[in-house]
Colleague: 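Quick one: structure below, then a few questions.
These numbers come from a predicted model, not from an experiment. Within every chain, numbering begins at 1; the chains are lettered A, B, ... in the order of the sequence lines, protein sequences first and strands thereafter.
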Protein chains: 2
Amino acid sequence: MTSVTLAQVAQRAGVSTATVSMVLRNRGRISPATRERVLKALDETGYVYNQTAANLRNRSSNQVGLLLHDITNPFYAEMTAGLSHEMERHELLLFLANSEESEDRQQKFVDSLMRNSACGMVLCAARATPASFFAALKRRNIPAIMVVRPLSDPDFDFVGTDNFLGAQMATTHLIQLGHRNIAFIGGGANSGTRAQRVGGFTSTLLENDLTPVPEWIVMAQASQIDGAKAAASLLSRYPQITAAVCYQDIVALGVMQALRAAGRKPGQDFALVGFDDITEAALVQPALTTVSVAAKEIGRKAGELLYSRIQGNDEPPKRIILPPALVIRESCGGPRAGVDR
Amino acid sequence: MTSVTLAQVAQRAGVSTATVSMVLRNRGRISPATRERVLKALDETGYVYNQTAANLRNRSSNQVGLLLHDITNPFYAEMTAGLSHEMERHELLLFLANSEESEDRQQKFVDSLMRNSACGMVLCAARATPASFFAALKRRNIPAIMVVRPLSDPDFDFVGTDNFLGAQMATTHLIQLGHRNIAFIGGGANSGTRAQRVGGFTSTLLENDLTPVPEWIVMAQASQIDGAKAAASLLSRYPQITAAVCYQDIVALGVMQALRAAGRKPGQDFALVGFDDITEAALVQPALTTVSVAAKEIGRKAGELLYSRIQGNDEPPKRIILPPALVIRESCGGPRAGVDR
DNA sequence: TTGTACGCGTTATCAA
DNA sequence: TTGATAACGCGTACAA
């Protein structure tokens, strides 16, 4: 399995390695006759380009990294698909790693990318990432796009969704349906995304002359069980609440459970809006009205931006905020929505 | 951003590059004193190992590829997580690509891996992959593990699940619950996986003195909508059917929809078993009884095997078939299952 | 178009 | 026993 080298191809074609290299990359001026001879030699020898040698010489590679905390989360899987597609379009290879929220794994991955001369990366940083991590990253001077989790550092490119607007849309929808006592359920501490959604929620209440009630804004882990618990406790204490914006669809599903357990009917005497538009949202009964955040599009945009950075685009850092969309289904009452997706 | 080289570190430590290299990789005999000096110099200079140079020299890399058709499918996302975890354990980097069932993209990815001297790959080949693809792969002589989709070629390692057994378990479960008119819904033509599941289904019927009805074995794309359509058409024609084994959970979810639209109640007057145990299966109402194929475990096993091949394990090709498990929930009636997962 | 120095870590060979 | 020397892997880019 001795691999063919450029030199061998060159010898066979009776030209220099420089010529072969230029033919391979369509650079410089090569006469059609020579090119023909080279192509023939390439074909005959079954030459395989050695990207490693090229990378060494170029001090860079065609490889980019993607760091997530959990590819198993449908949202991130979608995003990955969008990014992957974009990378393939540009002949870039995509490294994938799951941090599982461990700073350690995250750091290891980034170090690994550096050792391999990756030409860029897309990061959804672990929740507890220290500032030093970002500082070090800046010093590396390698294109890095942050995604999904809002980052206060203005020196990084960011692609995410407009959580504030999304929450506004959800809240407005509920208010327009006549609700006045609206809760916000879900999300954990230290979540910038949650902060933004809560912000959109409360500001919309205020705009509509409603006073936010702090006790009606509660946290819940990203699970159905936890959403149900949070809702049960909340609703038993404040039965006057008639609607809720949920931090995530999965939490909303839990809230539905709690409602039923309390003898209330989601979609009839209680209105519910979720966030994410996960597959299940369309499946439950009543189908969940939710804010869709276009995961695939985030991946695509991040890929696009990263590519332009790799190409040398040195405009100031960008923040690409994708507009969310309210997908109206049945969980707030009203007529059944038509087919969606 | 002039990067530090081994030579610079060596100079600073007053040793040769060979010594530094040996210290870095814990090879050869180095006196503690020298090692100390080298480590100090490494630290002081902020040296970053150049994996590319090492790869060039070694004619190989620490990078492996994973080819799927669709990372968006929860099953593959799980598998990816398992593989990714295993790769990180061994300090290997994972390239990800989605073929989207295109042979062309698939071929491009593999070519790309070759150019980059990847040290191995895990493939879930596109459905219409020609034999020539596999033949060429063999010639490359690079460790390659096939996953999930059954492959007749005995020259490749394979990790997958026992589809036949899984379908038998699902079917037996339905028969034990008293069902006699059972359908099989889902899967497409040219699917080896489907063939195995249908095989397990029909053989179990026969073992129980039931006659398979060909018209009750229908295809459906891997989507909820398509599952619903297939089921609607089937059930309107054969209302005597009281249970179904579904090719995938996602199809089962569609079938549930169709049942409701037809005024029937999944879990009460119709029993449903799915395949895959995707997250949604536990969330829908009624929660879906399904055959779990341990996607994460497939990824892990594939990673383990691949690593051993990379290490030089040249035993004959292996076929690792993981046992499926029936996860009983509510969609076949009976008492509510307890907590699962 | 060509000749060739260069990018940088690895390892076989050899010296102390 | 410990460490140095130098050839090597292979594509790239610039001077000629």
Colleague: Expressed in angstrom and rounded to an integer, what is the separation of A:Arg25 atom CZ from D:dC10 atom P?
Modeller: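 Distance check: A:Arg25 CZ to D:dC10 P gives 17 Å.
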Colleague: Using a heavy-atom cut-off of under 4.0 Å over every strand shown, decide if A:Ala18 touches base, sugar-phosphate, or nothing.
Modeller: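 Answer is base: heavy atoms of A:Ala18 come under 4.0 Å of a base.
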Colleague: Compare side-chain N and O positions of B:Arg59 against OP1 and OP2 of D:dC10 and report whether any pair is under 4.0 Å apart.
Modeller: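 Yes.
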Colleague: Between atom CZ in B:Arg115 and atom C1' in D:dT12, what is the gap in whole Å?
Modeller: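 Value for this atom pair: 17 Å.
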Colleague: Can you establish whether the number of heavy atoms outside B:Glu91 located under 6.0 Å from its atom CD is more than 12?
Modeller: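 Counting other residues, nucleotides and ligands, CD of B:Glu91 stays at 12 neighbours or fewer.
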Colleague: With sugar-phosphate meaning primed atoms plus P, OP1 and OP2, does A:Thr17 contact a base, only sugar-phosphate, or nothing at under 4.0 Å between heavy atoms?
Modeller: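 Result for A:Thr17 = base.
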Colleague: So what does A:Val20 touch, heavy atoms closer than 4.0 Å: a base, only the sugar-phosphate, or nothing?
Modeller: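 No contact.
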Colleague: On DNA chain D, nearest-nucleotide positions of B:Pro32 versus A:Leu6: which is more 5'?
Modeller: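 The residue closer to the strand's 5' end, by nearest nucleotide, is B:Pro32.
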Colleague: For a quick check under 3.5 Å, do A:His85 and B:Glu100 share a side-chain donor-acceptor pair by atom type?
Modeller: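 Result is yes, a qualifying pair exists.
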Colleague: Whether A:Lys138 and A:Asp153 form a salt bridge (side-chain N of Lys/Arg under 4.0 Å from carboxylate O of Asp/Glu) is what I want to check.
Modeller: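 Yes, this pair counts.
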Colleague: So, is B:Arg57 close to the C:dT11 phosphate, meaning a side-chain N or O under 4.0 Å from OP1 or OP2?
Modeller: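 Answer is no, no contact under 4.0 Å.
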Colleague: In whole Å, what is the span from the CG atom of B:Leu42 to the P atom of C:dG9?
Modeller: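 My rounded result for the distance is 11 Å.
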Colleague: Tell me yes or no: between the side chains of B:Asn313 and B:Ser308, is some donor less than 3.5 Å from an acceptor?
Modeller: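 Yes, because at least one side-chain N or O of B:Asn313 sits under 3.5 Å from a partner of the opposite role on B:Ser308.
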Colleague: Looking only at the side chain of B:Leu56 (C-beta and beyond, no hydrogens), which of the listed nucleotides D:dG9, D:dA4, C:dG3 gets closest?
Modeller: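 So the nucleotide nearest the side chain must be D:dG9.
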Colleague: Nearest whole angstrom, please: distance from the P of D:dG3 to the CZ of B:Arg37.
Modeller: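 Rounding to the nearest Å, CZ of B:Arg37 and P of D:dG3 are 8 Å apart.
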Colleague: Can you tell me how far P of C:dC8 sits from CG of A:Asn116, to the nearest Å?
Modeller: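 Going from CG in A:Asn116 over to P in C:dC8 covers 15 Å.
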Colleague: Choose from C:dC8, C:dT10, C:dG3 the nucleotide whose nearest atom is closest to any side-chain atom of B:Thr5.
Modeller: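 Of the options given, the side chain of B:Thr5 lies nearest C:dC8.
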Colleague: Given C:dG9, is OP1 or OP2 found less than 4.0 Å from the side-chain N or O atoms of B:Tyr47?
Modeller: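 Yes, B:Tyr47 has a side-chain N/O under 4.0 Å of OP1/OP2 on C:dG9.
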Colleague: Could you tell me whether A:Gln11 atom CD has more than 12 heavy atoms of other residues or ligands within 6.0 Å of it?
Modeller: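 Counting other residues, nucleotides and ligands, CD of A:Gln11 stays at 12 neighbours or fewer.
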Colleague: Under a 3.5 Å cutoff, is there a donor and acceptor pairing between the side chains of A:Thr34 and A:Ser31?
Modeller: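 There is such a pair (donor and acceptor under 3.5 Å, judged by atom type) between the side chains of A:Thr34 and A:Ser31.
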Colleague: So what does A:Asn58 hit on the nucleic acid, given a heavy-atom distance under 4.0 Å: a base, only sugar-phosphate, or nothing?
Modeller: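 The residue A:Asn58 makes sugar-phosphate contact but no base contact.
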Colleague: Starting at atom CE of A:Met22, determine the distance to atom P of D:dC10, rounded to an integer number of angstrom.
Modeller: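 Atom CE in A:Met22 sits about 22 Å away from atom P in D:dC10.
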Colleague: Need one value for A:Ile30: base, sugar-phosphate or nothing, where a base atom within 4.0 Å counts as base even if backbone is also close, heavy atoms only.
Modeller: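 Sugar-phosphate, backbone atoms only, no base.
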Colleague: Return the 5'-most residue of the pair A:Leu24, B:Ala54 with respect to DNA chain D, ranking by each residue's nearest nucleotide.
Modeller: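 Mapping each residue to its closest nucleotide by heavy atoms, the 5'-most match is B:Ala54.
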Colleague: Could you pick out which residue, B:Ala53 or A:Arg29, lies toward the 5' side of DNA chain C when each is mapped onto its nearest nucleotide?
Modeller: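 On the 5' side of the pair lies A:Arg29.
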Colleague: Does B:Thr19 have a side-chain nitrogen or oxygen under 4.0 Å from the phosphate oxygens OP1 or OP2 of D:dA4?
Modeller: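 True: B:Thr19 side-chain N/O within range (under 4.0 Å) of D:dA4 OP1/OP2.
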Colleague: Can you tell me how far P of C:dG9 sits from CG of B:Asn26, to the nearest Å?
Modeller: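 Between P of C:dG9 and CG of B:Asn26: 17 Å.
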Colleague: Mind checking if A:Thr34 touches a base, just sugar-phosphate, or nothing, with heavy atoms under 4.0 Å?
Modeller: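 Since only primed, P, OP1 and OP2 atoms lie under 4.0 Å of A:Thr34, the category is sugar-phosphate.
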Colleague: Rounded to whole Å, please give me the gap between CD in B:Gln51 and P in C:dG9.
Modeller: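 Roughly 11 Å, once rounded to whole Å.
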